[in-house]
Amino acid sequence: MKYFLFTLFTLPFFSFGQEIASSPEKFLAETGKEILANSEYAKRQAACDTFLVVLKNYISTDEGFNDPLKSVSNMLRLDYEDEFRIYTWQMPDADFKYVKYGLVAATTRKGIVVTELNDGSRMLMEPEYKNLKPDNWYGAIYYKLIPVGKKRNPTFTLLGFAPDETLNKKIIDVISIDNRGRPRFGDKVFRFDEFMDKTYRKPPQRIILSYGGKYAASVRWNEDKEMIIMDHLSPPDSKLKGVYSTYGPDMSYDGLVWEKDWWHLKTEVKFDSRQNIPIVPPNKPTDLPPGKK
């Protein structure tokens, strides 16, 4: 299937190939809607397979790499200057649990290299402590890329969202790109032993906030304070400690501040929360751009 679609993409005398070649963004926008809207799993999967192959081939070209793809509403695209792009989206599987998909496109001396990300989050044990390769990625829809530290060699921190019916997750991760354009995820840049009600037995490589599917929790970059500000999450009763499907925001806030090449934790952060934040259903993210929730 993938090789067939690649052939169609490169042979414009086929009608399907012509449709893609004439307007890749339009084709991706229409196919992307099928990934989420079609009621049949087989058709959602077929649409997702097609979307992945067409997008992967398109962004490997200079035109595609520089195309913001604004009308492709099922996907989020983040970028850092002309160095790399991150594309993430999700699809409800046969049980209507979300599977994450992603591509990373990076410029190298040999041209643009595109790497596919495989969601391994369901099989990972203790993902907070693991440095992960593309074939075993902790899947998330990334909505913010934060370069911090040295200008010539910054640390790239990602904010992501992983929704589910009973348990939502916000992920604070780190991405690095090697000279071959290959990404890796996770880094020991979090300098604290305790986070909310968790105690880390060694330095974590990513931070995962888990909370009930009926709640909304915010993790966002505050430009004025130069801080990642997070809803503090807690259970309704101390007896439910560790039962994260019961957790929700308790109206207090924590923050992460970058100092001396580390993320440091600050608790009970005070800030003006009177922002123009639209009210959305509790099981949807509050950090994504309009139209992509």
Could you tell me whether K198 sits above the aromatic face of Y244, with NZ or CZ closer than 6.0 angstrom to the six-membered ring centre and within 45 degrees of the axis? yes
Quick one: does T107's side chain have a donor or acceptor within less than 3.5 Å of a partner on E83's backbone? yes
With S71 as reference, evaluate K26, E30, E25 under the side chain to side chain donor-acceptor pair (under 3.5 Å) test and give the passing residue. E25
Are the side chains of I207 and I171 in touch, meaning some heavy atoms are under 4.5 Å apart? no
Hey, does the side chain of R85 reach the backbone of F65 with a donor-acceptor pair shorter than 3.5 angstrom? yes
Kindly compute the distance separating CG (L117) from CG (L103), expressed to the nearest 0.5 Å. 6.5 Å
Run the side-chain contact (heavy atoms from CB on, under 4.5 Å) check on D231 and Y211 step by step: do they pass? CA-CA 11 Å; D231 276 312; Y211 56 98; over 6 Å; no
N/O donor-acceptor pair under 3.5 Å between D164 side chain and T166 backbone: no
Does any non-hydrogen side-chain atom of L55 lie less than 4.5 Å from one of M75? yes
Strictly by modelled atom types, are D173 and Y138 linked by a side-chain donor-acceptor pair under 3.5 Å? no
Starting at CG of L36, measure out to CG of N74 and round the result to the nearest 0.5 Å. 5.5 Å
Determine, using ring centers only, whether F84 and F156 are less than 6.0 Å apart. yes
Has the side chain of K170 got a donor or acceptor atom that lies under 3.5 Å from a matching backbone atom of A217? yes
Please answer whether the main-chain N or O of G186 pairs with a side-chain N or O of N131 as donor and acceptor at a distance below 3.5 Å. yes
Check whether F185 forms a cation-pi arrangement with R206 (NZ or CZ under 6.0 Å from the six-membered ring centre, at most 45° off the ring normal). no
